[in-house]
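Chain identifiers are assigned alphabetically (A, B, ...) following the order of the sequence lines, protein sequences preceding nucleic acid strands; residue numbering begins at 1 within each chain.
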Amino acid sequence: MRWTQTFIPTLKEPPAEAEIVSHQLLLRAGLVRKLTSGLYTFLPLGLRSLRKIEQIVREEMDRAGAIEVLMPALQPTDIWQQSGRYVTAREVLYKVHDRADKEWLLGPTHEEVITALVASEISSYRQFPKNFYQIQTKFRDEIRPRFGLMRAREFIMKDAYSFDTSDEAAEISYKKMYDAYTRIFRRCGLHAFPVEADTGVIGGTLSHEFMVPAETGENEVVCTASGSYAANIEKAISRGPIVPTPAKDTGPEPEPFPTPGVVTIDALSSQPYNVPAHCQIKALVYVVESNPVIVLLRGDDQLNEAKLAVALGTNVFRPATPDEIHDLMGARPGSLGAVKSTLSTKAANVPVHADIALRNAAGMTTGANRDGYHLRHVNIERDIHVHHWQDLRVVKAGEVSVTDGQPLEIWRAIEVGHVFKLGTKYSEKLGAVFIEESGARRPCIMGCYGIGVTRTLQAVIEQSHDKDGIIWPLSVAPFEVCITPLNATQGSPTMVVAESLYRTLAGRGVEVIIDDRDERPGVKFKDADLVGFPMRVNVGEKSLARDEVELKPRAGKLSTVKVVDAADQVMAWIQSEANKYL
RNA sequence: CGGAGCGUAGCUCAGCCUGGCUAGAGCGCCAGCUUUGGGAGCUGGAUGUCGCAGGUUCAAAUCCUGUCGCUCCGACCA
């Protein structure tokens, strides 16, 4: 490819709209342009890298035995009604109407479509296992698109769906995808690692997200240094708080004491009260499908809403409003508690969910359900009627792993993939049943597996760049080699050598671009570094006088080679570089 | 949807608080000359409904109201 014959609109300065470095570089290197929030045009170089990632994904899915299909992005509503997601996923659904005013959906994901296909086409146990995948544009009405391709309204996803006849077989399918994902991200030059993920209200036990560590990531991951434990913070557990919960009874019964104006954990732990946060019981009121529940946590702990969703069996809940709280508890937030003797008649029957870190807690302080008062000498087993003991807290750095007692760290990360064992949720609702050997009919066991292809592209940039620009891994670079003639005058010795090398490399199958622009060397160097081609070959009069050209790997040191050896040297370099991503 | 910020040239921004000449700079773009190993120099040139709509005023980029868009923080997710 010739630079002058493609379209690479680089920018000197980062556009104001881009906050994070990968987003800035996507724009500055001329890979994408924004149409409007969450919608991007892929320009030639961005598209080339995107296609390379897609191809890696395709090869590894094929290797794992998955079968490529292509499903419609436009979908009828009835299958979504059947699965129930017309309602539960309504927030992310883009709906369109045809001229007869019939409603259609732009697919945010394809469980319904693939399950309908399997329901109508596959009926015998002999036809399993099957795993279908596609690489396709998805549409989601994101609450807040952001960071360029990281969270877009329209994005390219690889989605795969496995169908099996038993749990054991489904686990094998799951493992194959898990292994394929590990290979895919490695081949993309990404350091991605799997973590246990929340399965949400769907339940089930098997779910992993593939995470790329990045300060700008939207997720938090809890892990040990050795990797012996790794989980999304929504799911993460530990052996409990570093400072144990007091368990010594300090009084015969709860004792109220005045705390005028004290409505925070901090205030109660300061002068003149000096009640350490871990000796307090925090009471929260939530409204679950219009019914109140009380949630108890240690004062120094935060509620993990994902865990609460699992505990409640629904994700339809919200914090109660101050008015609702006052109406129920007779006190305002900051003075709440669940001690039996302080609960109003109305509150007495409200379910109490307590975090397990509060087990056997004694000598605790909590709100008295009376503004300006707290209670001390609270013994939770004696004084509070706990209906449900559950793990509800957010794990903190420094606590130790349940697997091997190693200290836990917390990292931010980008989720690039998610593998999920679905069970029979969709197969039951959409009638994907098969006939087993005995003649009985049973629903298929499903799994679903997603990779955010466009997000992966940006994650590569986020993880691999320096002050000058992108540092593409060879495997996903838009071009492997950039030839930079320092004088682009047609027929000049420099250009003759550059053109010759260009033709030789292209003829040997190297993805090469020649910067044939009539620009000064500095401009070309800056642009090549910004775009991040893995190898740059400088052809200039100085070195040409010695019959040499320069090889400059984007991430390595400059060297010189004889003109006649240049092509071989470049080939050798590419070969050794390519081996790093296998 | 709640909170915060920003909309002035293709890009980055100044001007706005305290209204007043022809709306500016750098980069980019066009022409010419010079230059040619890390975003060159000089000269000349083109480019703006100051996001949009109302209002206040003798006068609005500037003040007020509304509206649209973009960005960031939270809930959602590949």
Side-chain angles (χ1 to χ4, degrees), chain A residues 9-20 23-24 27-28 30 33-39 53 57 88-93 108-110 135-160 181 185 192 197-198 200 209-212 216-219 232 234 305-306 309 315 317-319 414-420 448-459 468-469 484-489 492 494 517-530 536 538-545 549-550 552 558:
Chain A
T10 56
L11 302 171
K12 274 191 185 178
E13 293 174 280
E17 71 188 45
E19 191 81 4
I20 68 174
H23 187 194
Q24 292 173 354
L27 294 165
R28 287 189 60 206
R33 281 296 182 265
K34 183 177 72 173
L35 174 61
T36 186
S37 177
L39 296 175
I53 294 174
V57 169
T88 57
R90 64 184 179 280
E91 315 252 288
V92 301
L93 292 176
T109 176
H110 282 68
I135 297 173
Q136 191 212 33
T137 300
K138 300 287 189 256
F139 300 87
R140 292 189 188 174
D141 188 1
E142 286 291 342
I143 299 166
R144 181 153 87 85
R146 61 178 143 180
F147 298 152
L149 304 178
M150 283 294 182
R151 175 171 302 282
R153 306 179 126 95
E154 180 186 316
F155 62 97
I156 296 175
M157 179 160 106
K158 185 287 299 176
D159 45 326
Y181 276 36
F185 295 120
D198 180 32
E209 292 164 333
F210 284 76
M211 294 291 196
V212 174
T216 53
E218 298 183 84
N219 302 274
N232 190 308
E234 295 178 344
E305 291 201 354
N315 57 3
F317 61 84
R318 60 173 174 82
I414 300 163
E415 180 191 350
V416 288
H418 197 166
V419 293
F420 205 113
C448 66
Y449 316 92
I451 289 179
V453 178
T454 39
R455 181 183 284 178
T456 298
L457 176 75
Q458 190 169 344
D468 295 317
T484 307
L486 301 190
N487 172 359
T489 309
S492 67
T494 311
R517 293 176 299 170
D518 182 19
E519 289 285 356
R520 296 166 60 85
V523 173
K524 296 188 178 189
F525 293 153
K526 287 288 186 190
D527 272 348
D529 287 349
L530 176 59
R536 187 176 79 221
N538 299 335
V539 184
E541 282 167 23
K542 276 187 194 170
S543 41
L544 223 43
V549 296
E550 294 165 349
K552 173 66 177 72
L558 186 120

B/rC29 versus B/rC11 - spacing of their C1' atoms, nearest Å | 12 Å

By centroid distance (under 5.5 Å) and plane angle (under 30°), are A/Phe525 and B/rG37 in a stacked arrangement?
-> no

Watson-Crick or G-U wobble partner for B/rG44, using a 3.5 Å limit on both distances?
-> B/rC30

Indicate, with a heavy-atom threshold strictly under 4.0 Å, whether A/Pro14 touches base, sugar-phosphate, or nothing.
-> sugar-phosphate

Phosphate contact (B/rU71 OP1 or OP2) by A/Ser37 side-chain N/O below 4.0 Å | yes

Please work out if A/Gly452 contacts a base, only the sugar-phosphate, or nothing of the nucleic acid, heavy-atom cut-off 4.0 Å.
-> base

B/rC6 -> Watson-Crick or G-U wobble partner, both distances under 3.5 Å, gives B/rG69

Nearest-Å distance once atom P is located in both B/rA78 and B/rG66 = 39 Å

Using a cut-off of strictly less than 4.0 Å, decide whether A/Arg146 has a side-chain nitrogen or oxygen near OP1 or OP2 of B/rC73.
-> yes

Are any of A/Arg151's side-chain N or O atoms less than 4.0 Å away from OP1 or OP2 of B/rA78?
-> no

C1' gap between B/rC16 and B/rU8, integer Å = 11 Å

Think A/Thr109 has a side-chain N or O under 4.0 angstrom from the OP1 or OP2 of B/rA78?
-> no

Nearest whole angstrom, please: distance from the C1' of B/rU34 to the CG of A/Asp518.
-> 14 Å

Answer with base, sugar-phosphate or nothing: what part of the nucleic acid does A/Arg153 contact at a heavy-atom distance below 4.0 Å?
-> nothing

Would you mind pulling out the nucleotide paired to B/rG54, Watson-Crick or G-U wobble, both distances under 3.5 Å?
-> B/rC64

With a 4.0 Å cut-off on heavy atoms, is A/Glu209 in touch with a base, just the backbone sugar-phosphate, or nothing at all?
-> nothing

What distance, rounded to whole Å, do you find between the two P atoms, one in B/rG44 and one in B/rG5?
-> 43 Å

A/Ile20 CD1 to B/rC73 C1', in whole Å, measures 15 Å

What interatomic distance, in whole Å, is found between P of B/rA14 and the corresponding atom of B/rG26?
-> 16 Å

Report yes if some heavy atom in the side chain of A/Glu17 is under 4.5 Å from a heavy atom in the side chain of A/Lys34; otherwise report no.
-> yes

Indicate, with a heavy-atom threshold strictly under 4.0 Å, whether A/Ile143 touches base, sugar-phosphate, or nothing.
-> base

Considering every strand shown, what is the Watson-Crick or G-U wobble mate of B/rC17 when both distances are under 3.5 Å?
-> none

